[in-house]
Amino acid sequence: MRKYTASLLFLLAGTAFATAEDTPHAVPHEETGVSTEMATHANPGVPVETSDSWDWLPTLDWDFRYKQDQPNFAINTTIYAWHFKPDLEWYEEPLNEWTWGVGFTYELHRGEDFIWAVNADIIPYDSTRDFAADIGTSIQWHNPVVDVGAQFMVLYKRNFETTWGVPVGPALFPYLHREFDYFALRIYWIPPVRAASDNQVIFQVQIPIGTTGGY
């Protein structure tokens with residue numbers, strides 16, 4: 001009797017182990033905490049939705065011309081700075097006017113009346129032959145011929161240390177903006193608030209490379 005009982009228990013144990021091995025493991029569902037297997041069995045024929053942890057990142061649809069009904073993303077190319085007083089007594093040589101730089105304009109909103117964007121630029125060789133960089137936001141109002149806007153930014157310039165003791169400071173630059181199909185021309189005016197050498201206009205070309213989803 002013991003022999004038959006032991007054989008029966010051994011057979012039942014082997015069957016249970018084989019069943020456990022053949023059963024697929026349940027994968028937790030990312031959003032609800034319910035396993036994928038359980039969710040599928042609860043709603044047969046309905047695909048299980050999964051979330052992507054990178055969904056919060058901004059999207060970009062490539063397109064190399066401006067879209068008037070969608071927010072655009074453009075590459076900024078700073079080219080030239082025209083100074084009202086290019087020769088200053090306190091500076092050893094004339095101010096540099098070929099202030100080549102690169103950056104971007106990411107539009108958050110484009111409507112019938114205005115455009116709201118995030119802007120950033122890097123100029124390795126600015127008017128005083130030094131490194132400069134800025135990041136900020138701009139708002140631009142539509143007009144029939146040329147748009148008018150203002151850009152508020154945090155600006156890095158090493159010669160700010162002589163005025164404020166730190167190389168970083170706030171700035172507000174008004175500008176004119178004219179769009180064409182494949183590029184835009186923007187002209188900033190830097191008023192002589194801090195120093196006479198700041199009085200200048202900066203010419204920048206913006207090249208669209210796509211549309212954004214906006215916010």
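Side chains are part of it too, since the values below use all heavy atoms of this structure and drop only hydrogens, waters and symmetry mates. Positions are given from 1, in the same order as the sequence printed here.
Here W116 contributes atom CH2 and L108 contributes atom CG; the two are 5.0 Å apart, rounded to the nearest 0.5 Å. A distance of 7.5 Å separates CH2 of W189 from CZ of F84, quoted to the nearest 0.5 Å. The CZ atom of R186 sits 14.0 Å away from the CZ atom of F203 when rounded to the nearest 0.5 Å. Atom CD1 of residue I135 and atom CD1 of residue I122 lie 9.5 Å apart, to the nearest 0.5 angstrom. Residue Q151 holds its CD atom at 8.0 Å from OG1 of T137, rounded to the nearest 0.5 Å. For the atom pair CZ of F64 and OH of Y182, the computed distance is 11.5 Å after rounding to the nearest 0.5 Å.
I79 and V201 fall within the same hydrophobic cluster, where Ile, Leu, Val, Met, Phe, Trp and Tyr residues are linked whenever their side-chain heavy atoms come under 4.5 Å apart, directly or through other members. Under a hydrophobic clustering in which Ile, Leu, Val, Met, Phe, Trp and Tyr are joined whenever their side-chain heavy atoms come within less than 4.5 Å, directly or via other members, F131 and V154 fall into the same cluster. Cluster annotation: I209 is connected to V118 through the hydrophobic network of ILVMFWY side chains, with a link wherever side-chain heavy atoms come within less than 4.5 Å. Both I187 and F183 belong to a common hydrophobic cluster when Ile, Leu, Val, Met, Phe, Trp and Tyr are linked at side-chain heavy-atom distances under 4.5 angstrom. Hydrophobic clustering (side-chain heavy atoms under 4.5 Å, transitive across Ile, Leu, Val, Met, Phe, Trp, Tyr) keeps F104 apart from F152.
At least one donor-acceptor pair under 3.5 Å links the side chain of H142 to the backbone N or O of G111. A donor-acceptor pair is defined here as one N or O able to donate and one able to accept, closer than 3.5 Å; no such pair exists between the side chain of T78 and the backbone of W100. Formation of a donor-acceptor pair under 3.5 Å by the N96 side chain with backbone atoms of Y125 is found in this model. Judged by distance alone, the side chain of D121 and the main-chain N or O of D134 form no donor-acceptor pair under 3.5 Å. A donor-acceptor pair under 3.5 Å links the side-chain atoms of T212 to the main chain of E107, judged by distance alone.
Across every non-hydrogen atom of V168 and F160, the tightest pair is C-CD2, 4.0 Å. Across all their heavy atoms, A133 and L155 have their closest contact at O-CD1, 3.3 Å. In terms of heavy-atom proximity, P170 sits nearest to W164 at O-CH2, 4.5 Å. The shortest heavy-atom contact between N119 and S138 is OD1-OG, 2.9 Å. For the pair A81 and S127, the tightest heavy-atom approach, listed with the atom from each and the gap, is CB-OG, 4.5 Å. Between R158 and P167, the shortest heavy-atom contact is CA-CB, 4.1 Å.
Comment: R129 does not engage E97 in a salt bridge, judged by the lack of any side-chain N to carboxylate O separation of less than 4.0 angstrom. A salt bridge links K157 to D126: at least one charged side-chain nitrogen sits closer than 4.0 Å to a carboxylate oxygen.
Side chains of V102 and I75 form a contact here, defined as non-hydrogen atoms less than 4.5 Å apart. Annotation: side chain of Y66 is not in contact with side chain of F180 (no heavy-atom distance under 4.5 Å). Y175 is not listed as a side-chain neighbour of I202, based on a closest heavy-atom distance of 4.5 Å or more.
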Taking it one step at a time, do E179 and K67 satisfy salt bridge (Lys or Arg N to Asp or Glu O under 4.0 Å)?
-> CA-CA 10 Å; E179 279 184 10; K67 300 292 186 182; over 6 Å; no
side-chain hydrogen bond (donor to acceptor under 3.5 Å, both in side chains) between T211 and N72: does it pass, once the steps are laid out?
-> CA-CA 4 Å; T211 56; N72 296 274; over 6 Å; no
What's the verdict on side-chain contact (heavy atoms from CB on, under 4.5 Å) for L176 and V148, showing C-alpha distance, side-chain angles and the deciding distance?
-> CA-CA 5 Å; L176 300 176; V148 178; 4.0 Å; yes
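The aromatic rings of F114 and H109 sit tilted relative to each other, their planes meeting at an angle between 30° and 60°. Ring-plane geometry between Y80 and W98 is classed as perpendicular, the angle between the planes exceeding 60 degrees on a 0 to 90 degree scale with a lower cut at 30.
Among the candidates Q68, Q140, Q70, the single residue satisfying the side-chain hydrogen bond (donor to acceptor under 3.5 Å, both in side chains) test with R110 is Q68.
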